[in-house]
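Order of the sequence lines sets the chain letters (A, B, ...), proteins ahead of strands, with each chain counted from 1.
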Amino acid sequence: GAGVSQSPSNKVTEKGKDVELRCDPISGHTALYWYRQSLGQGLEFLIYFQGNSAPDKSGLPSDRFSAERTGGSVSTLTIQRTQQEDSAVYLCASSLGLGQGEAFFGQGTRLTVV
Amino acid sequence: RKEVEQDPGPFNVPEGATVAFNCTYSNSASQSFFWYRQDCRKEPKLLMSVYSSGNEDGRFTAQLNRASQYISLLIRDSKLSDSATYLCVVKPGSARQLTFGSGTQLTVLP
């Protein structure tokens, strides 16, 4: 596709359930980022993938959060046993790599935990 | 102290006004700097990179002051369509992710 694609665009889940968020980066982009943005707040870094290197997981807020990137392309962010404070917009971005060039964002997944 | 700090605003200015935003960063080893724009309920998009010598793109001018560790964005002859949140973004030299400020909200009034 022409841009970064994220699905679902909206997700409402019950507290305690697991959720999976998907990101399909721009073809050829080796770097992939996950951020989350709470209402009225800035972007909080979660995790970064670069090619075949070990991901930088330093931003994951707890062990309930995990992410994987298969085949250097599609990425899935999984949140286990969701809590109300997990409610936010989860944004995925991709770039050519190594922090070079512009990072292009998807439209995000709006997660609401009830 | 936050790695990247911005005045959240809001800045409410009339059309045609000149407005400036500043952003400070804490990591003196930071190498790359950007301004992103985020419209309400939309994803951030790159507005412009910030170069050491300063750079201009139409009505927008970005400057970097390494000694004082701040970057600035100047918008001249502001338009209604400039209304958005402006995010200061820094790439620390030793890290690979982009670090975002919380954003400055601008509303241009008719």
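Heavy atoms from other residues, nucleotides or ligands lying under 6.0 Å from CD of A/E44 number more than 12. Crowding of B/Q69 atom CD: a count of heavy atoms from other residues, nucleotides or ligands under 6.0 Å exceeding 12. Other residues, nucleotides and ligands contribute only 12 or fewer heavy atoms inside 6.0 Å of the CD atom of B/Q63. Residue A/E14 qualifies as open at atom CD: its count of foreign heavy atoms under 6.0 Å is 12 or below. For CG of A/L39, the number of neighbouring non-hydrogen atoms (other residues, nucleotides, ligands) closer than 6.0 Å is 12 at most.
Following chains of ILVMFWY side-chain contacts shorter than 4.5 Å, one can reach B/F33 starting from B/F21, so the two form part of one hydrophobic cluster.
The contact between B/Q38 and chain A is made entirely by side chain atoms (from C-beta outward), counting heavy-atom distances below 4.5 Å. Using a 4.5 Å cut-off between heavy atoms, A/Q37 contacts chain B through its side chain alone, with no backbone atom that close. For A/L91, the part sitting under 4.5 Å from any heavy atom of chain B is the side chain, from C-beta outward, and nothing else.
Atom CD in A/Q6 sits 9.0 Å away from atom CD in B/E43 (nearest 0.5 Å).
In this structure, B/F100 has its ring center closer than 6.0 angstrom to the ring center of A/F105.
The shortest distance between side-chain heavy atoms of B/K45 and A/E102 does not fall below 4.5 Å.
When every heavy atom of B/L98 is checked against every heavy atom of A/Y35, the shortest pair comes out as O-OH, 2.6 Å.
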